[in-house]
Amino acid sequence: MRLTNYFLPTLKEEPKEAEIVSHRLMLRAGMIKQQAAGLYSWLPLGYKVLRKIQTIIEQEQNRAGAIQMLMPTLQPAELWRESGRYDSFGKEMLRITDRHDRDLLFGPTNEEMITDIFRSYVRSYKELPLNLYHIQWKFRDEIRPRFGTMRSREFLMKDAYSFDIDREAAEKTYQRMFVAYLRTYFRMGLTAIPMRAETGPIGGDLSHEFIVLAETGESAVFCDRDILQKPIPARDTDFNGDLSAIVDEWTTPYAATEDMVDMEEFEQKVPEERRIAARGIEVGQLFYFGSKYSASMNANVTEADGKDVAVHSGSYGIGLTRLVPALIEAFHDENGIVWPVSVAPFEVILINLKAGDELCSKTCDSLYGQLQTAGLDVLYDDTSGGAGGKFANADLVGIPFQLIIGPRGAKSGEAEIKNRKTGERETMPIENAVQYLKDIIEPERRDTV
RNA sequence: CGGAGUAUAGCGCAGUCUGGUAGCGUACCAUGUUCGGAACGUGGGGGUCGCAGGUUCAAAUCCUGCUACUCCGACCA
């Protein structure tokens, strides 16, 4: 993409409404625009990151055996009356009336609807297990939305819903999602720590939150440093096999949020030098809630012995629109964002330092074509501004590698490559630059590990 | 929903106390000099001062009401 043809409205000055660093940087890097309290437009750069995150989530959900579909944002109130949540959910649920005076709601979650789909079509235990997911916009009318898209009213979520014949089978599904989550966050460059969690209003008795450590995290968390060293399950993990060893390994070190922590237990189980008391951002949650909805909504299947039983269910969420700021909280410095390659809006930015110089522009145009041919996701800064502005902008939006060509280099045949994360610069013959970038970027995509 | 603030050019702000019809920085347009970390000069365009009502010869400024947004708290993926 040529920057002269793109839409990237970056801001030099600090927007006054933003308090935390990720919100400020998302506004300054031209990723989002606030439209009302808790409602945001995703501008091209921000949307590109969101799509990359979505692709990783989809790949890992599919790998773990979940099946993608899509449910509507608006739901009929009847389903929620059936489960009893129409009245109990409270004012966070946005209620809408259509022209026929029918009660609708903007879905804050989809347990009722997926259960309705399930009971409409599934009759036999032979069709289990089933794990369906969708990635859809949800709405919760938060009393006080804040921190940009970290806590917005409208938000994009991946929700998977599983159906199993009994608790044992449901726990296996739970473990598959657990492993998929470890891989998902790892591929985004994050270390997300699974912590025993309260089950909250969704109900049930088995739940983990996945937490990313960050100073601006909304909750205090306590864990054993050991958990940060645990190995990530490989790409070829057999999701049909027994995953309990992996889950056990990850759930043995102490890790709990402030809601669940027992300080005495924490201090007793974790030696002082390994204790981490920090703040964290929740980026996903797993729930097993048994037959809570299947029983009240008649989602039964017939077993081998001819008897009907209510299925055992779980739900598994990942907040995409919250992951973006969580990533920025984890990856930034004083100059701007520092994206990991796998979620970066572009992998490399080609900077033409002097767009008016014939040789310089010719060299850059050629490199731009080569980078595209090499399969790299490239933004080409072909604007006519000064060098300082271009460097500042490239640093701000956080593209992992900068390929810098100035008139001097164009003449002498030298290219400069800056690593955004380390700040290191390397000079090399121009003809080597594309292969050099390809070699360092491809493994960083983490799509083959 | 309780408490505290803010609203003036695209963005960041001053002007409001003490009423006289709007200014600074930046961004934008033109032009010239620059050209490796947001460079400089000259010229230019852009604001019914959040909305409504009131007081006054005169309101960004004083009074009343409303709206939006932000922060703290309770709540939450």
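Note that the structure is a prediction, hence the values are computed from the model and not measured. Here is the naming used below: chain letters follow the sequence lines, and residue numbers restart at 1 for every chain. Side-chain atoms are counted along with the backbone in the values below, which use heavy atoms only and exclude waters and symmetry mates.
Heavy-atom distances to RNA chain B give each of A:Lys390 and A:Gln35 a nearest nucleotide, and the one nearer the 5′ end belongs to A:Lys390. Between A:Asn335 and A:Ala18, the residue anchored closer to the 5' end of RNA chain B is A:Asn335, taking for each the nucleotide with the nearest heavy atom.
Between B:rA74, B:rU26, B:rA38, one nucleotide has an atom nearer to the side chain of A:Asn393 than all others, and that is B:rA38. Listed nucleotides: B:rC76, B:rA74, B:rU70. Nearest to the side chain of A:Gln34: B:rU70. The side chain of A:Leu353 sits closest to B:rG36 out of B:rG36, B:rC71, B:rA77. The side chain of A:Ile143 has B:rC1 as its nearest neighbour among B:rA38, B:rC1, B:rA77. Distance from the side chain of A:Ala37 is smallest to B:rU70 among B:rG36, B:rU70, B:rA74. Residue A:Lys354 places its side chain closer to B:rC35 than to any other of B:rC35, B:rG73, B:rA77. Looking at the side chain of A:Ala387, the nearest of the listed nucleotides B:rA38, B:rG12, B:rG36 is B:rG36.
Put simply, the side chain of A:Arg24 never gets that close to the backbone of A:Glu14: no donor and acceptor are under 3.5 Å apart. Between the side chain of A:Glu258 and the main chain of A:Ala220, a donor-acceptor pair closer than 3.5 Å is present. Looking at A:Tyr316, its side chain never comes within 3.5 Å of a backbone N or O of A:Lys158 through a donor-acceptor pair.
Between A:Arg146 and B:rG73, a side-chain N or O to OP1/OP2 separation shorter than 4.0 Å is present.
When the P atom of B:rC1 is taken as reference, atom CD of A:Glu92 falls 14 Å away, rounded to whole Å. Atom-to-atom, CD1 of A:Ile405 to C1' of B:rC35 comes out at 16 Å; the value is rounded to the nearest Å. For the pair A:Glu13 CD and B:rC24 C1', the computed distance is 12 Å after rounding to whole Å. Summarising the geometry, the separation between NZ on A:Lys16 and P on B:rA7 is reported as 6 Å, rounded to the nearest angstrom.
Only the C1' atoms considered, B:rA22 is 25 Å distant from B:rU64, to the nearest whole Å. Atom name P, nucleotides B:rG12 and B:rA74: the rounded distance is 29 Å, in whole Å.
Side-chain atoms of A:Arg151 and base atoms of B:rC75 include a donor and an acceptor less than 3.5 Å apart.
Relative to the six-membered ring of A:Tyr293, A:Arg119 misses at least one condition, a distance below 6.0 Å or an angle of at most 45° to the axis.
Aromatic stacking is not marked for A:Phe391 over B:rA38, as the cut-offs of 5.5 Å for the centres and 30° for the planes do not both hold.
Here A:Phe401 and A:Phe346 keep their ring centres 6.0 angstrom or further from each other.
Across the strands present, B:rU31 finds its partner in B:rG41; the criterion is a Watson-Crick or G-U wobble pair with both atom distances under 3.5 angstrom.
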